J.: 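Let me give you the structure first, and then I'll get to my questions.
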Amino acid sequence: MDFVSLFFIDFVKQLQSPTLAFLIGGMIIAALGSELVIPEAICSIIVFMLLTKIGLTGGIAIRNSNLAAMIFPMIFAVITGITIVFIARYTLAKLPKVKTVDAIATGGLFGAVSGSTMAAALTVLDEQNMAYEAWAGALYPFMDIPALVTAIVVANIYINKKKRKEAAYSIGHESFSEQLVTAGNYPDQKDYPSSRQEYLSQQKGDTDNRVKIWPIIEESLRGPALSAMLLGLALGLFTQPESVYKSFYDPAFRGLLSILMLVMGMEAWSRVGELRKVAQWYVVYSVIAPFVHGLIAFGLGMIAHQVAGFSMGGVVVLAVIAASSSDISGPPTLRAGIPSANPSAYIGASTAIGTPVAIGLCIPFFLGLAQALGG
Amino acid sequence: MDFVSLFFIDFVKQLQSPTLAFLIGGMIIAALGSELVIPEAICSIIVFMLLTKIGLTGGIAIRNSNLAAMIFPMIFAVITGITIVFIARYTLAKLPKVKTVDAIATGGLFGAVSGSTMAAALTVLDEQNMAYEAWAGALYPFMDIPALVTAIVVANIYINKKKRKEAAYSIGHESFSEQLVTAGNYPDQKDYPSSRQEYLSQQKGDTDNRVKIWPIIEESLRGPALSAMLLGLALGLFTQPESVYKSFYDPAFRGLLSILMLVMGMEAWSRVGELRKVAQWYVVYSVIAPFVHGLIAFGLGMIAHQVAGFSMGGVVVLAVIAASSSDISGPPTLRAGIPSANPSAYIGASTAIGTPVAIGLCIPFFLGLAQALGG
Amino acid sequence: MDFVSLFFIDFVKQLQSPTLAFLIGGMIIAALGSELVIPEAICSIIVFMLLTKIGLTGGIAIRNSNLAAMIFPMIFAVITGITIVFIARYTLAKLPKVKTVDAIATGGLFGAVSGSTMAAALTVLDEQNMAYEAWAGALYPFMDIPALVTAIVVANIYINKKKRKEAAYSIGHESFSEQLVTAGNYPDQKDYPSSRQEYLSQQKGDTDNRVKIWPIIEESLRGPALSAMLLGLALGLFTQPESVYKSFYDPAFRGLLSILMLVMGMEAWSRVGELRKVAQWYVVYSVIAPFVHGLIAFGLGMIAHQVAGFSMGGVVVLAVIAASSSDISGPPTLRAGIPSANPSAYIGASTAIGTPVAIGLCIPFFLGLAQALGG
């Protein structure tokens with residue numbers, strides 16, 4: 001069979017996999033007005049268990065494996081995370097009716113990683129019997145944190161430049177309305193606790209409004225998703241968690257993921273309305289960006305495949321985490337780091353379109369691509 | 001051994017089954033004043049998982065089986081659901097101190113199905129190695145929805161008739177107190193959202209107070225219990241959920257059910273007090289009705305057994321869902337559809353007596369009956 | 001190898017066991033400021049499942065075993081529970097800046113048993129393949145209840161004596177400030193519901209302020225932890241829960257425990273601050289007491305080992321439940337029974353230091369001791 005038919009057969013087959021089927025099922029029952037609610041507490045514990053399991057898998061794998069093999073994929077994960085933000089900065093931000101800070105924040109969220117999407121990809125790879133490095137899940141923070149840091153830094157550089165221009169301009173033309181515009185760049189800032197204000201070192205006056213990078217990294221690492229994964233990683237590396245891993249975290253993984261996929265499907269449907277409040281270009285971006293980001297990572301992954309023997313399954317994981325957009329840890333970090341950006345824009349784009357596209361379309365797409373290329 | 005001894009031995013043996021033992025345990029610890037609380041969020045997710053599992057089982061079974069075999073049991077399920085409401089209308093409603101609308105609503109709730117009771121029956125059948133059709137759980141909506149629709153329609157016909165009589169009477173005798181009585185039929189109606197008001201098409205004036213059937217069906221289907229089951233059914237029919245079914249939903253079933261049985265036992269005990277507020281005939285009805293309803297369904301099931309080869313285990317399932325009364329999806333539908341009925345009457349009767357009788361007495365009774373007849 | 005080296009090798013090996021590793025992991029991520037939160041509802045259901053499982057194990061074991069073998073360990077559990085309170089009464093209470101009632105309440109909490117710590121001990125014993133009686137978990141209430149009852153009785157005897165002295169003194173020297181001091185012994189008492197006030201039979205006046213013992217026992221038995229365990233015990237004794245035990249409660253045990261250990265680690269870290277508000281002697285007591293209490297129970301257990309063939313694993317269980325301090329059921333009972341004691345003192349000492357010491361140090365210590373002695 002030729003490439004295209006192989007690809008389409010795989011694609012349709014994968015939509016029947018429980019992981020994707022539950023996502024689509026969630027969207028359908030939400031569309032039909034179901035009153036089914038999965039309690040918040042259940043979602044939290046599922047995310048904890050999925051990411052702890054991914055961390056444990058990674059930690060146990062790294063303990064028994066060659067660290068050198070991880071270097072290329074890690075570097076490529078960092079490059080992809082940073083690149084994604086600049087893509088948004090020079091495409092989405094240039095579109096009509098799109099505010100530049102909103103576009104940069106959206107880029108940051110699409111560069112950051114969704115643990116649930118990654119869990120879905122790992123499960124679909126298992127279902128399709130496609131091998132990948134057990135430590136592949138540990139690539140998560142290497143793309144997630146650089147993307148968030150870059151977005152916050154780029155946004156603040158932009159805001160400072162704009163302010164300096166306005167300040168220069170307003171020396172001669174000071175007016176009440178312009179002061180309002182300037183102030184309008186920080187509408188929510190007063191509401192954030194002082195620890196979050198640390199991102200901006202404001203003590204030396206407006207012109208030296210430099211961004212501190214370490215607090216952003218720290219806040220990312222402290223988020224519930226990443227800290228569960230890093231805890232699992234550390235326990236896998238330094239202790240003997242095999243008994244609890246085999247009796248609990250591993251067998252429960254697929255089932256818990258199916259519930260989370262259902263919730264994400266329902267959530268995606270319920271957020272569609274928010275997109276009406278922002279420029280329609282966000283919809284276009286949210287559909288195209290996951291494929292573009294995934295293809296960049298897929299290309300870089302193929303280099304690692306040729307040069308360093310990175311598995312084709314690992315290439316798919318790298319592509320999917322690039323295609324995914326953060327749903328848990330990203331939004332609060334961005335809100336604190338770029339308070340002037342509009343959360344409806346970036347959260348709506350990510351949850352309502354980016355995530356279902358990444359899970360429902362990009363996972364089958366990149367898996368099909370890898371099977372067609374590698375098979 | 002003769003029929004009666006066989007029956008009693010089975011009955012006592014089944015009370016020791018974990019499913020029934022946890023129900024009785026829940027009643028006992030509640031009676032002893034235990035402060036044990038199973039959080040609401042846990043109960044919700046358990047109900048979701050049990051009904052998704054029953055749906056998945058049904059969907060996978062229907063995909064691989066002969067639809068024709070389902071026709072008789074389905075028709076009998078519909079007949080039983082409708083009959084139960086009319087039984088309440090012409091027995092319970094005629095008893096002293098029982099309001100007619102309350103009696104009809106109670107009939108609706110006892111005709112509707114409890115997913116937890118059905119789950120208990122399926123588990124006890126498994127424990128006793130009695131075979132039943134895997135799609136038997138899919139009979140649920142075929143009894144549940146007709147019973148609720150019939151109750152709401154019958155209640156509203158009764159209310160309209162009564163109103164017309166009163167209107168005719170009050171033309172000559174208009175008085176302030178009678179207006180109060182008439183208004184009293186709809187005490188809560190203003191509190192319900194407009195979507196629920198749709199049940200009654202009131203725009204044409206009081207005399208054309210017809211009941212719309214479709215919104216009742218829609219609301220039933222949207223309830224959390226039925227929509228979880230239908231989701232499972234659809235996923236079982238159209239996708240390949242076997243991996244997640246075998247690794248997660250199936251093995252967790254019995255254990256989760258044991259927790260839910262405990263909760264239902266505690267809940268039954270705590271609701272006993274509510275029954276003191278209503279006529280004592282509700283107690284009599286709640287004890288006898290599950291057996292009467294179950295026997296009707298058992299008789300119809302035996303016809304399907306003789307004519308169409310419906311299994312004896314399937315006959316037990318049909319009898320138990322007839323004996324059961326709805327605890328999750330039924331009450332809100334009835335509240336919206338018959339706002340003038342007193343929830344203390346129907347919920348108290350169902351939760352405090354109907355459900356424990358159905359699970360603790362009817363399951364062993366009908367199982368014993370089937371074993372004695374079929375063995 | 002000699003005793004000491006054997007002991008240290010075991011000790012380090014056990015810190016790598018998943019149970020202890022998750023406890024330490026929880027403390028570390030809390031110290032690093034992780035925003036990970038395990039929802040309250042999840043903690044409740046985990047405690048329920050762990051203690052129901054321990055109860056079921058015990059019940060099934062007692063059904064199949066010789067009751068006579070339990071007599072010695074049970075008596076020793078009661079003796080240990082009572083002794084621990086008197087140790088606190090005559091050591092901690094004598095230290096500078098320590099209030100006597102606070103010290104007695106702390107002794108009660110350290111004499112009472114932590115179900116989670118016991119669950120951790122049973123799991124570590126399994127991991128190390130050290131045999132213990134399956135009914136060992138059933139020793140819990142035999143130490144827990146006597147300790148709480150003794151603490152409340154001793155505290156109230158002390159308060160009454162003090163009051164009588166003050167009353168005698170104040171006849172001649174009545175002053176406003178002294179009345180305040182006397183009243184200060186019962187600062188919270190008005191806030192407790194009347195059912196809890198029953199502990200003190202106040203109707204006969206202040207001088208006959210006798211403590212009723214039965215309500216304290218009743219409240220202990222009704223607490224969520226003990227009633228889950230007793231429910232499991234009864235179900236194990238009188239019904240056939242083996243199917244649900246093997247398919248659900250037993251396999252989930254270790255995994256659920258790992259989550260609870262994580263929560264207890266985080267909780268311990270977050271409570272460290274509370275200790276700053278009370279005398280530093282509580283810190284010294286909380287570190288030393290678990291070892292002293294455990295050694296007393298270990299010694300008594302060794303007698304049962306010699307005399308009645310109690311297993312070495314059973315001796316470890318007895319020592320660990322003596323070393324443990326109550327975290328769920330104890331605090332509310334003590335608050336109601338000794339309202340004048342300061343909860344910051346006893347809860348802070350127990351949660352922040354006593355529990356991590358018992359789990360992280362005493363379990364490896366007593367297990368190492370048993371292996372070195374018995375191996």
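Quick caveat: nothing in here was measured; it's all calculated off a predicted structure.
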J.: Contact part of A:F238 toward chain C, heavy-atom cut-off under 4.5 Å: side chain, backbone, both or neither?
T.: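 A:F238 touches chain C through backbone heavy atoms alone.
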J.: Check the pair C:L262 / A:L231 against side-chain contact (heavy atoms from CB on, under 4.5 Å), numbers first and verdict last.
T.: CA-CA 10 Å; C:L262 187 74; A:L231 170 76; 3.4 Å; yes
J.: Within a reach of under 6.0 Å around CZ of A:F142, are more than 12 heavy atoms found that belong to other residues, nucleotides or ligands?
T.: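 No, CZ of A:F142 has 12 or fewer neighbouring heavy atoms, counting only those of other groups under 6.0 Å.
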J.: Let me confirm one number: the CG-CD1 distance from A:L230 to C:I28, rounded to the nearest 0.5 Å.
T.: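 One gets 12.5 Å once the value is rounded to the nearest 0.5 Å.
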J.: Among C:L32, C:I29, C:L20, which residue forms the greatest number of heavy-atom pairs with chain A at distances under 4.5 Å?
T.: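 Greatest number of close heavy-atom pairs with chain A: C:L32.
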J.: Find the one option among A:S243, A:P251, A:A228 whose heavy-atom pairs under 4.5 Å with chain C are most numerous.
T.: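 So the answer, after comparing A:S243, A:P251, A:A228, is A:S243.
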J.: Got a sec, which residues hit ring pair (Phe, Tyr, Trp, His ring centres under 6.0 Å) with C:Y132, two or more places apart in sequence or on another chain?
T.: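 Once residues adjacent in sequence are excluded, C:Y132 has no partner under the ring pair (Phe, Tyr, Trp, His ring centres under 6.0 Å) criterion.
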J.: C:L256 versus chain A, heavy atoms under 4.5 Å apart: side chain, backbone, both or neither?
T.: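 Looking at C:L256, backbone and side chain both touch chain A.
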J.: Chain A contacts: which residues in residues 44-59 of chain C have a non-hydrogen atom closer than 4.5 Å to it?
T.: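 No residue falls under the 4.5 Å cut-off.
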J.: Please state whether the side chain, the backbone, both or neither of C:E40 comes within less than 4.5 Å of a heavy atom of chain A.
T.: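 No part of C:E40 comes within 4.5 Å of chain A.
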J.: Under the side chain to side chain donor-acceptor pair (under 3.5 Å) rule, collect the residues that match up with C:E242, sequence neighbours excluded.
T.: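 Counting only residues at least two positions away or on another chain, C:E242 forms a side chain to side chain donor-acceptor pair (under 3.5 Å) with C:R63.
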J.: Taking side chain to side chain donor-acceptor pair (under 3.5 Å) as the definition, give me every residue that meets it alongside A:T355, ordered by chain and number, with sequence neighbours left out.
T.: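 A:T355 satisfies side chain to side chain donor-acceptor pair (under 3.5 Å) with no residue once adjacent residues are dropped.
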J.: Who wins among C:A252, C:G33, C:S258, C:A41 for the most heavy-atom pairs under 4.5 Å with chain A?
T.: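 Of the options given, most contacts go to C:G33.
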J.: Pick one of side chain, backbone, both or neither for C:I38, based on which atoms fall under 4.5 Å of a heavy atom in chain A.
T.: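 It is the side chain, since no backbone atom gets that close.
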J.: On a heavy-atom basis, which atom in A:V244 and which in C:G255 lie closest, and how many Å separate them?
T.: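 Closest approach of A:V244 to C:G255, heavy atoms only: CG2-CA, 3.5 Å.
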J.: Do you know which two heavy atoms are closest between A:P224 and C:L36, and how far apart they sit?
T.: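 Closest approach of A:P224 to C:L36, heavy atoms only: O-CD1, 3.7 Å.
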J.: Taking all atoms of both residues into account, what is the closest heavy-atom pair of A:S247 and C:R254, and its distance?
T.: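 A:S247 and C:R254 have their closest heavy atoms at OG-CB, 4.3 Å.
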